[in-house]
Amino acid sequence: MKKPFLSIALASTLAFGAIGTQAVFAQETGTVHEQPLKVFDHKVIKHINAENIYNNIAYLSKTPRVAGTEAEDNAVKYIKEQFESYGYEVEIQPFQYFGYTPPHTIQLSVEGYDGELKPASFTYTVSGNVAGDLVYAGLGKKEELENMDLKGKIALIKRGDISFADKVLNAAEKGAAGVIIFNNTSGPVNGTLGGANDQYVPAVAITQAEGEVLLEKLNSGSKLTASVKIEGARTGESTSHNVIATKKPTNNQKDTNKVIVVGAHHDSVAGAPGANDDASGTATTLELARVLKNVPTDTEIRFVTFGAEELGLIGSTYYVNNLSDEEKDRVIANFNLDMVGSRDAGELVLLTLDGKPNLVTELAQASSERLNGAPTPYGQGGRSDHVPFAEAGIPAALFIHSPSEPWYHTPEDSIDKISKEKLQDVAEIVGTAVYDLARFDSMGPKPKKGPKVKADADMYFEQAIR
Ligand code: BES
Ligand code: ZN
């Protein structure tokens with residue numbers, strides 16, 4: 001985190017105005033270290049305002065933004081409008097993919113049950129609005145169902161022994177209109193039916209406690225009627241979008257013909273507002289676009305928010321694959337901001353696919369050292385949109401706090417867990433690093449292509465941080 005900053009340092013930097021003027025930082029040890037905070041750093045940091053980032057996160061995280069849904073479309077429209085309000089030309093890049101879109105509505109009510117049931121859905125469940133008598137169907141095995149009449153009924157099935165998919169298919173084969181599966185252990189069921197199937201009927205999951213209450217009622221002879229409603233779930237072709245705002249070099253004569261991509265994913269997983277994952281990176285990308293709009297640069301900067309990251313880095317992969325070889329050669333750096341504002345996560349780290357330093361980590365280590373008196377550590381990690389850039393030989397790094405917050409991919413990933421201090425810190429480190437590379441007469445590390453790194457399974461997880 002940021003060390004206390006002595007304003008006298010800023011005053012002397014501005015007074016002498018020379019690059020390399022010393023700024024003074026007080027360390028926790030009490031000793032005072034001097035770091036060369038550059039004049040060009042001030043041009044960026046004096047304009048970065050965590051309040052703006054926070055407000056955009058608050059707006060974006062009002063709902064989950066699952067790829068291919070109306071909520072993602074709304075986010076895309078909002079991001080485009082924000083970029084435009086800073087004076088950018090914006091391109092929306094649509095792309096198609098085949099996959100499952102989770103439901104936006106999951107409801108279960110049982111007449112005769114007191115209280116509210118909190119159903120979850122299964123990945124690949126179908127949509128539908130069905131109602132019928134509730135019937136207990138054990139574990140839902142074929143032999144158990146043989147002599148049961150499930151026609152038009154809702155089958156209550158216990159988790160265990162066979163797959164969720166087989167339970168749903170076996171009940172559907174016997175004519176069930178819908179299926180409720182209850183857990184056989186504590187906690188929620190976070191289940192998948194494994195793949196799409198036309199034979200499925202709408203299926204929801206409930207907890208063990210909820211299931212046992214329903215079962216007891218049935219066993220004591222009560223007649224219960226259940227209604228299951230799932231809307232918005234579908235498997236098939238979907239469309240998601242990348243949003244691209246471009247800052248061309250200020251002066252045509254001094255164009256390096258290189259491109260820096262600063263990006264984040266705007267989509268979230270179902271059921272999670274995704275305030276930190278990754279409205280935080282999206283809103284920070286917006287703020288950097290705003291701040292860097294009018295600073296003179298000789299290198300093109302593209303601010304990109306990617307769609308369908310959570311479905312397998314689909315938007316960023318599409319973006320990279322869609323670049324010609326010539327354009328790929330022009331892209332010298334990718335700064336990927338994913339989960340950059342949680343108050344409950346650890347310290348900032350820079351993760352590269354191969355675990356080696358590159359242009360992006362070097363610039364960010366240099367800027368964090370100038371700003372905070374210590375370089376941000378780097379390590380190895382994939383799992384986000386820097387992966388396709390690294391695979392194409394483009395120096396790329398993920399900016400993330402480690403360890404992650406416990407709210408990751410949960411309904412608790414909400415605005416109240418966002419730290420303005422962390423946002424400010426990341427935006428300053430990335431903003432000054434990008435500017436260091438893009439400004440005229442940059443003295444930073446020379447751009448060079450990285451090795452083409454192939455992501456394999458274990459690169460999708462973080463390794464030791466250096
Ligand atoms: N922001 C996460 C990635 C992440 C989380 C990296 C925690 C490091 C620590 C990202 O949005 C995500 O969830 N990625 C998926 C993988 C992707 C290929 C679908 C994941 O990690 O499960
Ligand atoms: Zn993410």
Side-chain angles (χ1 to χ4, degrees), residues 57 60-61 64-68 72 75 79 95 97-102 123 190 192 238 240 242 262-285 304-321 334-353 355 376-391 396-414 417-418 422-423 426 453-465:
I57 298 173
L60 289 165
S61 63
R65 302 168 301 283
V66 177
E72 190 211 358
I79 294 160
F95 54 90
Y97 58 93
F98 186 89
Y100 178 71
T101 305
T123 306
N190 197 354
T192 174
S238 287
S240 175
N242 298 326
V262 180
H265 69 91
H266 58 241
D267 66 315
S268 76
V269 296
N276 199 42
D277 188 11
D278 185 26
S280 67
T282 298
T284 304
T285 301
V304 187
T305 74
F306 298 105
E309 187 268 357
E310 299 287 6
L311 304 180
L313 319 180
I314 299 177
S316 51
T317 302
Y318 181 85
Y319 179 83
V320 172
N321 288 348
N334 166 237
F335 293 77
N336 176 29
L337 314 181
D338 193 357
M339 302 170 72
V340 292
S342 177
R343 66 159 200 219
D344 302 314
E347 296 294 310
L348 185 65
V349 294
L350 314 168
L351 302 180
T352 62
L353 190 52
T376 303
Y378 69 87
Q380 187 172 30
R383 302 174 59 183
S384 187
D385 290 323
H386 58 301
V387 170
F389 287 88
E391 288 185 315
L398 164 63
F399 291 71
I400 191 166
H401 293 112
S402 183
S404 305
E405 64 280 11
W407 326 122
Y408 168 61
H409 284 185
T410 74
E412 307 307 318
D413 180 8
S414 46
K417 324 287 192 318
I418 294 294
K422 277 196 165 127
L423 295 171
V426 176
V453 186
K454 188 80 208 85
D456 59 27
D458 44 313
M459 283 191 183
Y460 275 70
F461 296 93
E462 283 170 66
Q463 310 288 315
I465 307 290

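Hydrogens, waters and symmetry mates play no part in the numbers below; they use all other heavy atoms, side chains included. Note that ligands are numbered from 1 as they come in the structure, with each ligand's atoms numbered from 1 the same way.
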> How many protein atoms of type N/O/S are positioned less than 2.8 Å from the Zn ion (ligand 2)?
Replying inline: 4
> Does any non-hydrogen side-chain atom of Phe95 lie less than 4.5 Å from one of Ile314?
Replying inline: yes
> Counting from 1, what ligand 1 atoms have a heavy atom of His409 closer than 4.0 Å?
Replying inline: 13 (O)
>> Any atom of ligand 1 sitting under 4.0 Å from a heavy atom of Gly381?
In response: no
>> Please work out, at 4.0 Å between heavy atoms, whether the side chain, the backbone, both, or neither of Leu351 comes within that distance of ligand 1.
In response: neither
> Would you call the rings of Phe335 and Phe399 parallel, tilted or perpendicular if under 30° counts as parallel and over 60° as perpendicular?
Replying inline: parallel
> Of all residues at least two apart in sequence or in a different chain, which pass the ring pair (Phe, Tyr, Trp, His ring centres under 6.0 Å) check with Tyr100?
Replying inline: Tyr124
> ligand 1 and Glu309, any nitrogen or oxygen pair closer than 3.5 angstrom?
Replying inline: yes
> For ligand 1, which atoms have a heavy atom of His265 less than 4.0 angstrom away?
Replying inline: 11 (O)
> For ligand 1, which atoms have a heavy atom of Ser404 less than 4.0 angstrom away?
Replying inline: 7 (C), 9 (C)
> For ligand 1, which atoms sit closer than 4.0 Å to a heavy atom of Leu313?
Replying inline: 18 (C)
>> Is there a side-chain contact between Asn276 and Ile418 in this structure, where contact means two heavy atoms from C-beta onward sitting under 4.5 Å apart?
In response: yes
> Can you find a non-hydrogen atom of Asp278 under 4.0 Å from ligand 1?
Replying inline: no
> With atoms numbered from 1 as shown, which atoms in ligand 1 lie under 4.0 angstrom from a non-hydrogen atom of Tyr408?
Replying inline: 2 (C), 5 (C), 12 (C), 13 (O), 20 (C), 21 (O), 22 (O)
> Would you say ligand 1 has an N or O under 3.5 Å from any N or O of Ser384?
Replying inline: no
> Does a donor on one side chain and an acceptor on the other come within less than 3.5 Å for Ser240 and Glu72?
Replying inline: yes
>> Would His401 and Val426 count as a side chain to side chain contact (heavy atoms under 4.5 Å, CB included) here? Give the steps.
In response: CA-CA 10 Å; His401 293 112; Val426 176; 3.9 Å; yes
> For atom 21 (O) of ligand 1, which candidate among Glu310, Met339, Arg383, Glu405 provides the closest heavy atom?
Replying inline: Arg383
> Any idea which atoms of ligand 1 are less than 4.0 Å away from a heavy-atom of Asp338?
Replying inline: 1 (N), 2 (C), 10 (C), 11 (O)
> What closest approach, in Å, do Val349 and Ser402 show between heavy atoms, and which atom pair accounts for it?
Replying inline: CG2-CB, 3.8 Å
> How long is the span from the NZ atom in Lys417 to the CD atom in Glu405, to the nearest 0.5 Å?
Replying inline: 9.5 Å
> CG of Asn321: more than 12 outside heavy atoms within 6.0 angstrom?
Replying inline: yes
> Just by distance, do the side chain of Asp278 and the backbone of His265 share a donor-acceptor pair under 3.5 Å?
Replying inline: yes
>> Quick check: do Asp338 and Asp385 have side-chain heavy atoms less than 4.5 Å from each other?
In response: no
>> So if I count the atoms of ligand 1 from 1 in the order they appear, which ones are less than 4.0 Å from some heavy atom of Asp277?
In response: 1 (N), 2 (C), 11 (O)
> Are a donor atom and an acceptor atom from the side chains of Asp344 and Trp407 found within less than 3.5 Å of each other?
Replying inline: yes
> What are the atoms of ligand 1, with element, lying closer than 4.0 Å to any heavy atom of Gly312?
Replying inline: 19 (C)
> So, His266 versus Glu309: side-chain donor-acceptor pair below 3.5 Å or not?
Replying inline: no
